[in-house]
K.L.:
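One structure, pasted below without further comment.
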Amino acid sequence: MRFIGKWLIWIGGLSLLFVDLRPLVLHTLDAWRAERSIGVPLQDWLLEFARPVFILGVMCAAALPELGKRREKKPAKTAPPLAPPPGPPAAVPPTPPLTPAQ
């Protein structure tokens with residue numbers, strides 16, 4: 001469900017950004033092509049960007065993974081533990097030196 005929720009946030013957020021920003025971009029392009037000012041005071045122009053900036057912030061906060069946080073690795077399936085390896089061979093008692101037969 002979380003995966004679907006993130007996709008819905010991205011789809012809805014991007015569509016809201018398109019709806020909000022398209023008229024502003026078209027108005028700006030028309031003014032640029034006509035080589036005139038946008039005809040709106042700066043404060044009012046900046047207020048037009050309040051909702052798109054908020055939407056972008058919500059999208060980033062809710063639908064992006066946390067930076068620096070890594071997923072925990074699942075333990076790998078391993079075979080049951082084997083018997084410990086054998087230790088060094090037991091010391092063989094030294095054989096007594098051969099004595100000449102009498």
Side-chain angles (χ1 to χ4, degrees):
M1 287 304 269
R2 184 177 174 113
F3 178 78
I4 294 171
K6 285 186 177 189
W7 272 104
L8 291 176
I9 287 173
W10 277 102
I11 292 169
L14 290 174
S15 61
L16 282 174
L17 286 175
F18 178 78
V19 168
D20 288 344
L21 292 177
R22 186 170 189 264
L24 297 173
V25 170
L26 292 177
H27 181 74
T28 305
L29 288 175
D30 289 340
W32 179 67
R33 288 181 188 130
E35 297 181 4
R36 60 176 169 78
S37 70
I38 55 175
V40 179
L42 181 62
Q43 181 178 357
D44 294 339
W45 187 249
L46 291 177
L47 285 174
E48 294 290 329
F49 287 98
R51 181 173 151 172
V53 169
F54 176 75
I55 292 169
L56 188 62
V58 168
M59 288 170 51
C60 290
L64 290 177
E66 291 184 33
L67 297 176
K69 183 178 179 183
R70 294 184 179 209
R71 291 183 180 176
E72 294 180 16
K73 291 184 179 180
K74 293 181 182 177
K77 292 183 180 178
T78 58
L82 301 174
V92 179
T95 55
L98 293 176
T99 55
Q102 296 177 0

K.L.:
From Ile4 CD1 over to Leu8 CG, what is the distance, rounded to the nearest 0.5 angstrom?
P.N.:
7.5 Å
K.L.:
Working to the nearest 0.5 Å, report the span between CG of Asp20 and CZ of Phe49.
P.N.:
10.0 Å
K.L.:
Rounded to the nearest 0.5 Å, how far apart are OG of Ser15 and CD1 of Ile55?
P.N.:
8.5 Å
K.L.:
Is there a side-chain contact between Val40 and Glu48 in this structure, where contact means two heavy atoms from C-beta onward sitting under 4.5 Å apart?
P.N.:
no
K.L.:
Check the surroundings of atom CH2 in Trp10: do more than 12 heavy atoms from other residues, nucleotides or ligands lie under 6.0 Å from it?
P.N.:
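Counting other residues, nucleotides and ligands, CH2 of Trp10 exceeds 12 neighbours.
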K.L.:
Looking at every heavy atom in both Trp45 and Leu24, which two are closest together, and how far apart are they?
P.N.:
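Closest pair (atom of Trp45, atom of Leu24, distance): CH2-O, 3.6 Å.
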K.L.:
Quick check: closest heavy atoms across Ser37 and Ala31, and the distance to 0.1 Å?
P.N.:
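Result for this residue pair: O-CB, 3.7 Å.
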K.L.:
Which salt bridge (Lys or Arg N to Asp or Glu O under 4.0 Å) pairs, counting each pair once, include a residue from residues 54-65, with sequence neighbours left out?
P.N.:
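Every candidate salt bridge (Lys or Arg N to Asp or Glu O under 4.0 Å) pair involving residues 54-65 fails, so no pair, neighbours aside, qualifies.
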K.L.:
Is there a continuous path of hydrophobic side-chain contacts, each under 4.5 Å between heavy atoms, that joins Leu21 to Ile38?
P.N.:
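Yes, Leu21 and Ile38 fall within the same hydrophobic cluster.
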K.L.:
Going by heavy atoms in the side chains, are Leu14 and Phe18 under 4.5 Å from each other?
P.N.:
no
K.L.:
Above 12 or not: heavy atoms from other molecules or residues under 6.0 Å from CZ of Phe54?
P.N.:
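Atom CZ in Phe54 is not packed in, count stays at 12 or less.
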K.L.:
Salt bridge (Lys or Arg N to Asp or Glu O under 4.0 Å): which pairs involve residues 30-47, sequence neighbours left out?
P.N.:
Asp30-Arg33
